[in-house]
Structures are given as C-alpha cells and as structure tokens.
Amino acid sequence: MKQRVSALLREKIGREVVLEKPRDRSFGHFATPIAFSLAKELRKSPMIIADELASSFEDSDVFSKVEAVKGYLNFRLSEEFLAQYASWALSNPSDFAKQEKNQKILLEFVSANPTGPLHIGHARGAVYGDTLYRLAKHLGYDITAEYYVNDAGNQIDLLGLSIQLHARENLLDETVEFPESYYRGEYLDGLSRDAMEKFGVEIFYDESRQKELALWAKDEVMKIVVKDLGDLNIFFDTFVYESGLYADWDRVMKKMGSGIYEKDGKVWIASEAKGDEKDRVVVREDSRPTYLAGDIVYHNQKFERGYDHYINIWGADHHGYIPRVKAAVEYLGYDAQKLEVLLSQMVSLLKDGEPYKMSKRAGNVILMSDIVEEIGADALRFIFASKKSDTALEFDLAEFKKQDSSNPIFYIQYAHARIQTLLSKASVSREDINVSSLKNLGENADTLLFDALLLPEVIEDAFTTRQVQKLTDYLKSLAASLHKFYYDVRMIGTDDEAKLLKLLLVVGLSLKTGLSLLGIEAKDRMEKEAE
RNA sequence: GCGCUCGUAGCUCAGCUGGAUAGAGUACUGGUUUGCGGUACCAGCGGUCACACGUUCGAAUCGUGUCGGGCGCACCA
C-alpha cells in the first residue's frame, strides 16, 4: 500500500517523499510534511504548497480524500482500493506480503561453543537471528542460516578434562580437586555416564586420551544444542567447523599479503592500519594459530562462497572484535561494507523481583531449555523478539507465565482464537463471506481493515532496519484493535455478517502470518488455564 | 584511562533517516454491553524525554560537553 502511495507522490512531486503514519487516524491513512521542505526552495508558504498539492490529487481512485492541514498533507485511501487489496490477499494467502528480492545473504548466529548447553543469554541472539531469517525468507531473499562451531582450542581440551574429573567425582565417588576454570553443570552427568559406557572407566584416568574424549563430547554437546534450538523452532542450514579450517591457513595468510608480517617470532595482522586499536597476533611463537586466525579463515571462506551480504550476530561482549575481523576482510581483498555485525545485548533475569546472578563456574547457569520448559517456546520467542536487540534487557519470569493481557503473546493468540470462534459460529457460508464486499462497513471497520493490511510494510521495515520488535509491536496493536472491535460491534446474526467476517479473515491472516514469522504457530482455540 | 553502548511514566520497554497534543504494557483508582469466550473493553492517575549548550521554522530524535549505568580493552575462545 505504502509503495503504491509513495509511487503516486513521486510521480506528482518529482522526488522521494517521506510518508508517515499520522498520530491521529482521523487525519487519514498516510501523511507527509513534504510542504515544509518544499517551502524553502519554492519560496512559498507551506500552507499554500500543501493546498495546491492536495487539489492535484482530486481525481485519483486510490484516495477518497487528500487534504492539507497546517502544512501537512493527509491522505485517506479509498474503500475501493482497500477492499480490492484485501480480497486479493485472502485469495492468495501464501503470497500475502511476499516479495522477490534478488540478494544472497549469509546469516551467522548463535555459534556458541560446544562445551555446554545454551543458556538464556544465547537464546536472545538465537531468537533475533531466526526472526531475521524468517523475515528475509518471506521477503524473498536467498538467505542461509549458519552456525560456526568453535570446536578447536583450549576450551575443547578443558571439556575433556572437566568430564574426567566430573566422572571421577560423581560416578566413582572420588574426592577430586576441581579447578576454577573447569566446566560444571548437570549436563556433565549424562556425558560422563555415556562416556563410561562407550569407552570404559579407564578413559577418565588416561591423560593421553583426553583429546579423544573431548572430541567425542563436543559432538554430543552439539546434539544437545541443536535439539534445544529445535525446541525453539530454530533450525540451521549449514554448520561450519573451526577444526576443519586451519588446513587452509597458509593459503589465506598469503592471500592477505602485506596485511600480515612477522615480528618477535610471531605472525601479526596489521589491523591498526585499518582502524583497530592495535595489531593482533595470529600465530604464536610455538606456531599455534590464535582464535582470530580461525575467524580469518572462516570469513575468507564465507566470502569465497560468494554472497552479496553477510550478517553476523554476536554477543555484545564481542563488540571490540569487530574492527580486527573487518581489517582481515579488507586485507583479503573484499569489501568490509558487506559484512554487517549485529550485537545482541546481555539479558539479566529477575526472580521474585531480585536480580539473579549466573555464573558458569558455580554451575548455576539458567539454561535456555529450562526457560522454555517454564514459560514455553512461544512466550520466550515473543519476549526476546519484542525488545530491541542492542539494549540490555531485564525480565521477570513470573510475568510471562500469566494468561491475560499483561502477557502479549497470550493476548495476540487470544485475538486469533477469537476470530476462529466467530467464524465457526457463522450463520452464513464461507462462499458468501468470500464474495461479499468490504465496502460501507463504517469507520471502525475501515480502520481495522487498514491496520490488518499494513503487515507487508511492517515486515519490510522490520527487516531492513533489523528491528524485529516492529513486528511484535504491530501484532500487539492489531490484536488490540480486534479485541476492541469485537467489544464494539456485534457480528453474528446481523445483516452485515458476511462482510464483517470477511474483515475478520483479513485480520486473522495478518495475525497468523505475523506470528509465523516469529516462529510461533497461531492457535485456533485457547486452552483453559489449569489451576 | 581509552573505545563502544545506553539513560523516555513508580516498574519493563516502544518512539530516534528531526515534524501535528511524547506512546504501550504493568501497577494504582473507578467503570462496562440485558449480545457472538469479561483470558475482553473504557476512563482516570502518572513525564523538566539524565543535565547543559548548540544547529533548525521545528529537537526525545542531529552535534558538542557533563553526569550516571552496562560491556569491552588477551598471544582466552
């Protein structure tokens, strides 16, 4: 709709025009302050310009009214236009709000180390990434979801050691000294038991077999990670393993040319020249590559695979890492502009109003799977999607278990269920509903119809600005409009029943489509709360 | 100390490519259809948009500075 209006304006005025939503719907469907910016160039008062522009739209079928108010230009779409658009959407529900974009995007997210199950902090980045992925898919981008598995380096050795000690302490009742830095947590119980079955007790005592144990364990941990993500409706297209990348290191190093140099027996990347705080070591004196080396090879591989755009979602604590990776990308001869790094901020939990501290060492980490069990995948996804990803977030578990309007996901689901209930009580046939006209329904219904048809713009906006909360906000307000409409207007048994139910179908379609983009399935009926 | 980021209602958060009286939920107070699920709806209360200066016809939004919070500043990943 907006594109259509924009195009008309561009034609008339000869430039790109900012369209906004009027604060008050009585002003119209769209508005623009364009006259203010034209005022200077034309040396005329904004009021007069707006008046002139308004009258030039008089004979358009798209608008029923265009008027100038205090320099603003307000547009009201015609019933005819809205009704046609709605009918098209209903007869092509799977195409509603879809587009064809010609861009290949690689989206990397989560990428948590395979040393333990995902915790609540990972969940935020996971939900954010998956929501962007769904939006992009819907908009027609050719997008790939990728998980980078850091299965090399110290933390993997540590995993092997941690299992050995955990097993000896818990399975074999030994008293062992557990160093600070080792991993703890319940998941080690299962791993220890499985390891004992597979390898026998000896493996917990044999230092030379730590590596073997670790390599087995990280794959087991990845299985847990993938399953937990699946429970949240999150799936990846590809997994890239860090351990498999280093074979390519020599070639990649040469490719960076002057970006790489040797000093003090180590190999460095000249990242300072590209905006980093200082140069970084990529190969140590003992010739072991650093983590950065792996990431360089990985990004080289990404670019060699040839996408138009790359998005990485990282935890906010990695923000200092961005300049060095971009520097590497430039030395590799690629356009660092194509690499977009989005940060997912910290999450803090409140329990009974008190901050709850997590610590890996203490093993009291709040696991993502625990939260899913507690409040459900839908509520978790919704709450994370509805907060801007780059601000720190605090949330209280109790809030999201409630089943009333204080819990937005519940409120939206109820709106959708309400529509289904009404449809099931209809006294007219589906055919009558489909062929009925959406005209002459009155002010309230027109408003609701317009709101429901805004979905395509919202999806586009949410993706291009990477602000997925625009979608959740939209769904909340559409649900509110529906609930209000339901309260105000009786539908079943009235003369306008078929028309009104058609309107509900449009609203239902937007709710359902919007929810599915959040990875949430719309419900047809609400379960009564079990006391 | 340096860098990034945030500071909007009692609380949790939107709004930030500058635009019409700053929004929602929650909390609190009071109400609601002789009707389609009241798991809903309405109204009231509540704001010097951290502070100061600047740019502009116009600033929560842009710029500079101050104060305050978070994160980062590894040859760890």
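None of the values given here were measured: they were computed from a predicted structure. Numbered from 1 within each chain, the chains take letters A, B, ... in sequence-line order.
Nucleotides B:U61 and B:G25 are separated by 25 Å at their P atoms, to the nearest Å. Between B:G15 and B:G54, the two C1' atoms lie 24 Å apart (nearest whole Å). Distance check on atom P: B:U17 versus B:C73 gives 31 Å, rounded to whole Å. Remark: the separation of the C1' atoms in B:G38 and B:C51 is 46 Å, to the nearest Å. Nucleotides B:G68 and B:C13 have their P atoms positioned 22 Å apart, rounded to a whole Å. Remark: the separation of the P atoms in B:G18 and B:U12 is 29 Å, to the nearest Å. B:A59 and B:U55 have their P atoms separated by 12 Å, given to the nearest Å.
Closest contact between the side chain of A:Lys278 and the listed nucleotides B:A40, B:C73, B:G37 involves B:C73. Considering only side-chain atoms of A:Asp317, the nucleotide from B:A74, B:G72, B:U5 that sits closest is B:G72. Comparing B:G72, B:A14, B:G37 against the side chain of A:Thr421 picks out B:G37 as the nearest. Minimum atom distance to the side chain of A:Gln155 is reached by B:A77, of the listed B:U32, B:A77, B:C36. Closest to the A:Asn113 side chain, of the nucleotides B:A40, B:A77, B:G37, is B:A77. Here B:C73 is the nucleotide among B:A77, B:C41, B:C73 with the atom lying nearest to any side-chain atom of A:Glu277.
Looking at heavy-atom distances under 4.0 Å, A:Val267 makes no contact with the nucleic acid at all. Counting any heavy atom pair closer than 4.0 Å across all strands shown, A:Asp461 reaches no nucleic acid atom. At a threshold of 4.0 angstrom between heavy atoms, the contacts of A:Arg525 include nucleobase atoms, whether or not backbone atoms are also involved. A:His319 comes within contact range of at least one nucleobase, with a heavy-atom separation under 4.0 Å. Contact annotation for A:Ala31: base contact, defined as any heavy-atom pair under 4.0 Å involving a base atom. Residue A:Gln467 is classed as a sugar-phosphate contact, given heavy-atom separations below 4.0 Å to backbone atoms only. Using a 4.0 Å heavy-atom criterion, one finds that A:Lys388 contacts the bases of the nucleic acid, with or without backbone contacts as well.
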So A:Asp432 and A:Ser429, side chain to side chain donor-acceptor pair (under 3.5 Å) or not? Walk me through it.
CA-CA 5 Å; A:Asp432 290 338; A:Ser429 72; 3.3 Å; yes

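With pairs defined as Watson-Crick or G-U wobble and both atom distances under 3.5 Å, the stems of at least three pairs that touch RNA chain B come out as B:1-7 with B:67-73, B:10-13 with B:23-26, B:28-32 with B:40-44, B:50-54 with B:62-66.
A:Lys65 and A:Glu67 are joined by a salt bridge, as a carboxylate oxygen and a charged side-chain nitrogen come within less than 4.0 angstrom of each other.
Ring geometry for A:Phe63 against A:Phe75 counts as tilted: the plane angle lies between 30° and 60°, on a 0 to 90° scale.
Judged by distance alone, the side chains of A:Asn150 and A:Lys218 never bring a donor and an acceptor atom under 3.5 Å apart. A:Asn312 and A:His299 share a donor-acceptor pair across their side chains, judged by distance under 3.5 Å alone.
One finds a side-chain N or O of A:Tyr486 lying less than 4.0 angstrom from the OP1 or OP2 phosphate oxygen of B:G38.
Straight-line distance from the CG atom of A:Asn407 to the P atom of B:C13: 16 Å, rounded to whole Å.
A cation-pi arrangement, defined by a distance under 6.0 Å to the six-membered ring centre and an angle within 45 degrees of its axis, is present between A:Lys274 and A:Tyr331. Geometrically, A:Arg381 does not engage A:Phe384 in a cation-pi contact, judged by NZ or CZ lying under 6.0 Å from the ring centre and within 45° of the ring axis.
Taking the side chain as every heavy atom from C-beta outward, A:Ile120 and A:Leu380 approach each other to under 4.5 Å.
Residue order along RNA chain B, read from the 5' end via each residue's closest nucleotide, puts A:Leu343 first among A:Leu343 and A:Ser389. The 5' end of RNA chain B is approached more closely, in terms of each residue's nearest nucleotide, by A:Asn74 than by the other of A:Asn74 and A:Arg418.
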